[in-house]
Every structure is written in structure tokens, then in C-alpha cells.
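Okay, structure first, notes after.
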Amino acid sequence: VSWNEHHSASERLAIDAELACREGDLLRAQRLYGQAAQEEAAAFDALAEDKPRTRGITAVSAVALSYKSSDYASAQQMAYRFLASKGLPQFADLQLRDLLQMLWTVSEAEKQGIKFARGDVFVSVQGGQVVHGAAPLDLIVQKVEGIQAIFFRTVEMLLGRPFRKRGGPSAEILSMFRPWLFQAPAGSYQFAVRMQEPAQGKLWEENRPKVEDLTAEFFNILRATATDPANRLPAVVSDPQYRGAFLNLSRNLAPTAGRTFERLEVRSASAPSQSVVTFGTDTRNELNSTLRSIRPRRNDEGKPIEIRGVLRGLHLDKDWLEVTPDQRLQGQGEHIHIIEAGAALDDVVGPMVNHRVVVTAEHRGGKFLFRDIEPEE
Amino acid sequence: MSNRVNIDGMDTRHPALTPPIAGTYREAACVCLNRYHSSPSEIMLSDNGAQSLAELAWTEPDSRILGAWSNTTDATAFGAYSCVIAGIELLRGLFAVRRAETGTGADYYIGLNDSALDDLEGCMRLEVSGLGDGNEKDVNKRLLEKVAQVRRGNGNLPAVAGVIGFSARLLMVRDVLEES
């Protein structure tokens with residue numbers, strides 16, 4: 001039997017698997033993906049060594065299909081066998097190693113009894129000081145926290161929960177969805193976020209949004225904030241308080257000047273033909289403009305000033321935050337105490353503590369009145 | 001107009017498209033196009049920057065089809081496959097010969113119609129994307145993003161990226177060159 005016959009059979013099975021997946025029959029989809037992987041492996045064996053590109057494509061395809069079947073042991077065995085074979089082109093070698101890395105992670109998690117829902121969200125940070133596969137730790141920690149905060153806000157919105165002004169998500173929400181961080185195939189610096197499947201049989205189970213819905217909504221929100229926050233976001237997020245939170249949290253993902261990083265991209269592993277959502281410096285400018293337009297204004301509001309420095313402390317319940325400015329302001333001490341900060345959200349401002357920020361404030365009657373805060377590189 | 005992006009009967013011309021798959025893609029394309037325009041319509045093609053005009057005709061979808069494709073994300077993704085593959089056929093004389101399985105979904109390998117189907121040595125990878133709303137600038141931005149994505153992911157495989165803007169009536173394709 002030729003490569004063509006095996007590969008064609010594999011394609012048909014993979015299409016059927018995809019259709020089963022779309023119909024929600026995941027068990028059938030997994031079985032079909034497994035059969036497709038076996039056919040693809042047989043196709044690889046039917047190829048002569050003088051067809052390196054076809055061998056490489058077929059090898060990657062076989063392991064990817066096996067991974068989709070959730071038979072991680074078989075997928076790993078297959079990858080090792082292909083890597084040991086002679087004459088595999090470089091692109092296939094790299095892609096097989098990336099797949100192996102993903103397989104190790106999910107197999108280890110499964111051994112610990114942790115199951116993950118389908119639908120990785122890939123996040124990559126590029127340019128500036130970021131190099132292939134490595135990035136400043138604080139930058140990545142901030143972006144991971146930002147992505148997590150948007151996930152939890154999306155869950156709360158889908159559940160119709162009252163808008164959370166203070167603190168983190170409730171224990172109930174945290175137990176419903178637990179985001180995990182994975183190493184993703186390298187390309188600049190990338191990581192993958194995946195949702196742990198919640199435990200079964202909880203009282204709130206029937207009210208819980210599906211992970212697929214959550215991921216789709218998450219992308220709808222990010223796409224709207226990154227492309228046209230003023231016009232598209234209201235169609236996706238009708239609640240103005242949630243809209244404000246998403247605008248602020250999304251802005252934290254975008255670079256300020258492009259020195260540390262130039263852009264952050266988010267894409268869905270399960271919908272590769274959909275666009276990558278890109279946050280660049282222009283996105284930040286647009287988000288700033290939208291945030292300015294929705295901020296409530298007083299009639300007697302004066303001209304704002306910008307204070308650049310390090311956010312040293314805050315107590316939002318008591319309406320204040322404190323910044324150590326780069327240059328001491330005339331007549332002020334080492335720290336600037338800024339009031340009327342109660343409208344800021346914990347998950348927006350919290351990650352900025354002890355980091356560089358730009359605070360927009362109004363200086364009135366010897367006091368600094370809070371208007372806005374954003375991280376600075 | 002002699003130039004025509006033909007989304008009908010694609011299963012008879014593209015070995016990688018079975019009748020159900022080609023039908024699904026075509027149905028989605030009709031829904032996306034009908035959302036903004038009336039058939040037939042003129043569409044701008046851009047191949048590595050070289051522009052030309054072509055006609056694109058589709059069947060007006062009935063309420064059942066519109067209901068089945070109420071998920072705009074799915075409709076845009078599947079409709080894009082139909083239009084971009086048909087666009088590549090018109091612009092380059094290349095056809096979808098195989099699906100590409102990557103672990104993150106499927107796009108296509110494209111080659112000459114008479115290319116032997118016993119290997120992929122002469123084929124290129126086609127990465128497809130689509131936009132519902134958006135103008136020429138948005139389509140171009142998406143194409144650049146797709147090119148960057150392909151460049152990161154495909155190692156030394158020659159590839160083409162294609163994007164259709166349904167509202168913008170613009171179909172852009174571009175070769176993905178190796179990063180220097």
C-alpha cells in the first residue's frame with residue numbers, strides 16, 4: 001500500500017474526527033484521531049528516504065494526530081521513532097521536539113490526576129529585550145497575571161455575577177476554572193494557557209459555562225479591545241463596568257514604548273485560521289483614548305499632570321495610592337500621596353505595585369486627585 | 001469579466017476537498033459574502049502586491065443556512081477557506097492537494113493540478129485567514145500577522161499566506177519568505 005493511500009485514509013479519518021469534535025462527540029473524535037495517526041504512521045513507513053519533505057510533513061502530522069487522540073504514550077513512542085530515523089528535515093525535527101515537550105507536560109499532569117480541557121490559548125511576547133525562548137522574568141509574570149485576570153473576569157461576566165470591585169475571584173470561581181501555564185513551542189517567548197477540567201458533581205455544575213464558551217468569549221473580548229475598543233467592545237460586553245475592567249486589563253498587556261517588548265500576541269490553538277490578536281504600542285494609544293472618553297468628568301476638572309515613578313503602596317478601600325516619582329515634585333516629599341483612587345480595580349493596579357507606573361492626576365488645592373494609572377516599561 | 005474566483009464545485013478541482021468539505025466551505029462563504037454584498041460582486045485581488053480585479057458570484061443563503069451559520073467566527077473561518085483556495089487557483093494556478101495537520105488545526109498544501117499525488121515534495125503550505133468586518137488596512141494587517149505566524153512556525157517549508165476581507169471585498173496572498 002502506497003503513501004498516498006495511507007495518507008488519504010488518514011485525511012478522511014481526521015476530517016471525520018473534526019466533525020465529531022464539532023458535534024461534541026469527543027470520545028468518537030479521539031478514536032478517529034487515533035486511527036488517523038496510525039494511517040499516517042503507516043504512510044511514513046511507505047516513503048523512501050529520497051522524499052525528505054514528505055517524510056517530515058508526514059511524521060509531524062502522525063504525532064500531531066496521535067496527540068489529538070489523547071493517547072500520549074503512543075504519540076511519544078511515535079515521535080521517538082521518527083526522530084531516530086535518518087534524513088528527517090530540520091523543520092520536522094524541531095516540530096517533533098516541540099510536540100514531545102507538550103506531550104511530556106500533559107502526560108505528567110495526567111499522572112497527577114489533573115485533566116485539561118481542549119483549547120490552548122497561546123501567548124507570545126516579541127521584540128525589544130525578548131529573545132528566542134527567553135524573556136525578562138518580571139515581564140512574563142506581569143503578562144501571565146494579566147491574562148489570568150481577564151480569564152476570571154470573563155467567567156464572572158458569563159455567570160452574570162455582580163461586578164467585583166475589590167479582591168480576587170471567589171473560591172467558587174477559582175475551583176471552577178483553574179488556568180495552568182505551559183511551555184509552548186518556542187518563537188520569541190511563548191507560553192500556553194490551558195484550563196484544568198473542574199471536578200464533577202458540584203452543586204453549581206449546571207450553571208458553569210463550558211470551557212469552549214469561555215475561551216471563545218475571551219477571544220471575542222480581546223479581539224474587540226485590540227482592534228476597535230470604542231465601537232466593537234460594547235457589542236461584546238454590554239455591562240459598562242465589565243467593559244471598563246476589560247479595557248484596563250487589556251491595556252496592561254500592551255507595550256508602552258516597545259523597549260522591553262514590542263508586541264504581545266494571543267491566538268487560539270483550536271482556531272488557527274482565526275486572527276492573532278496583537279497588542280502593540282498603537283493598541284495602547286487607542287485603549288488610552290477609549291478609556292479617556294468613558295471616564296466620568298467633573299465640570300470643574302483641571303488640566304491633568306503625569307507622575308512617572310514606582311508605585312510603592314495602595315489602599316483602594318481607603319481611596320489612595322502612593323508613588324515614588326523619578327524626580328521630586330516642587331514642594332513635595334519623597335512620596336506622592338494620590339487620593340480619589342477608589343475607582344481603580346485591584347486586579348488592574350495590584351500587579352503594578354513596586355513596578356514603574358505612569359499616574360495621571362490633577363493637582364488641586366495641594367492634593368493630587370487620581371485619574372488613571374498604567375504600567376511603564 | 002474573464003477573471004472569476006470560482007467557489008462552486010471546488011471538490012471537482014481540488015483533490016484535498018471532498019464534496020461535503022467543499023460544500024461546507026462554500027455555504028459559509030455565501031453567508032459571509034451575503035452579509036455585506038449582493039451577488040455577483042467585484043473583488044480586488046492582491047498577489048505579492050500586484051493588484052487585479054475579479055468577479056465573485058455566490059448563491060443567496062436561505063434562512064436555514066443563515067441559522068446554521070449564526071456563529072460568525074465559524075462562518076468566517078470556513079468561508080475563508082473557500083475564497084482563499086479559489087483565489088489561489090485563479091492567481092497562481094495552484095490547487096489544494098492535501099490537508100496539513102499541525103497539532104493546532106489544519107490548513108492546506110497546494111500544488112499543480114497535475115502534480116503526482118504520491119508525495120508532497122513540490123507542494124507549498126497555504127495558511128488561510130478571514131475577516132468579516134474591516135477595511136483594506138485591516139486585511140493588510142491580518143496578512144502581515146499571518147505571514148509572521150507562518151514564518152515562526154514552518155521552519156524551511158515554502159509557504160503562502162492568504163487572507164480574505166469579506167466586507168472589504170479584498171483577497172490578498174503573499175509568499176512567506178525565509179527570515180534573513
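Below, read A as the first sequence line, B as the second, and so on, with proteins coming before strands; counting in each chain starts at 1.
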### Query
Do A:S10 and B:R99 get their side chains close enough for a donor-acceptor pair, meaning under 3.5 Å?
no
### Query
Between CG of A:L47 and CG of B:D119, what distance do you get to the nearest 0.5 Å?
7.5 Å
#### Entry: From CZ (A:R53) to CG (B:L120), nearest 0.5 Å
7.5 Å
### Summary
Cut-off 4.5 Å, heavy atoms of chain A, and the answer for B:I21 is side chain
#### Entry: Closest-packed option against chain B by number of heavy-atom pairs under 4.5 Å, given A:S2, A:P52, A:A46
A:P52
### Message
Main chain of B:R98, side chain of A:E11: is a donor-acceptor contact present, judged purely on distance under 3.5 Å?
### Response
no
## Note on the structure
Taken in chain and number order and not counting sequence neighbours, the residues that satisfy salt bridge (charged side-chain N to carboxylate O under 4.0 Å, His left out) with B:D47 are B:R92
### Query
Tell me, which pairs form a ring-ring contact (aromatic ring centres under 6.0 Å, His included) where one or both residues lie in residues 13-33 of chain B, sequence neighbours left out?
B:H14-B:F95, B:Y25-B:F78, B:Y25-B:Y81
### Task
Measure the CZ-CD1 distance between B:R125 and A:I57 for me, rounded to the nearest 0.5 Å.
8.5 Å
### Query
Which region of A:S8, side chain (C-beta onward) or backbone (N, CA, C, O), has a non-hydrogen atom less than 4.5 Å from a non-hydrogen atom of chain B, or is it both or neither?
both
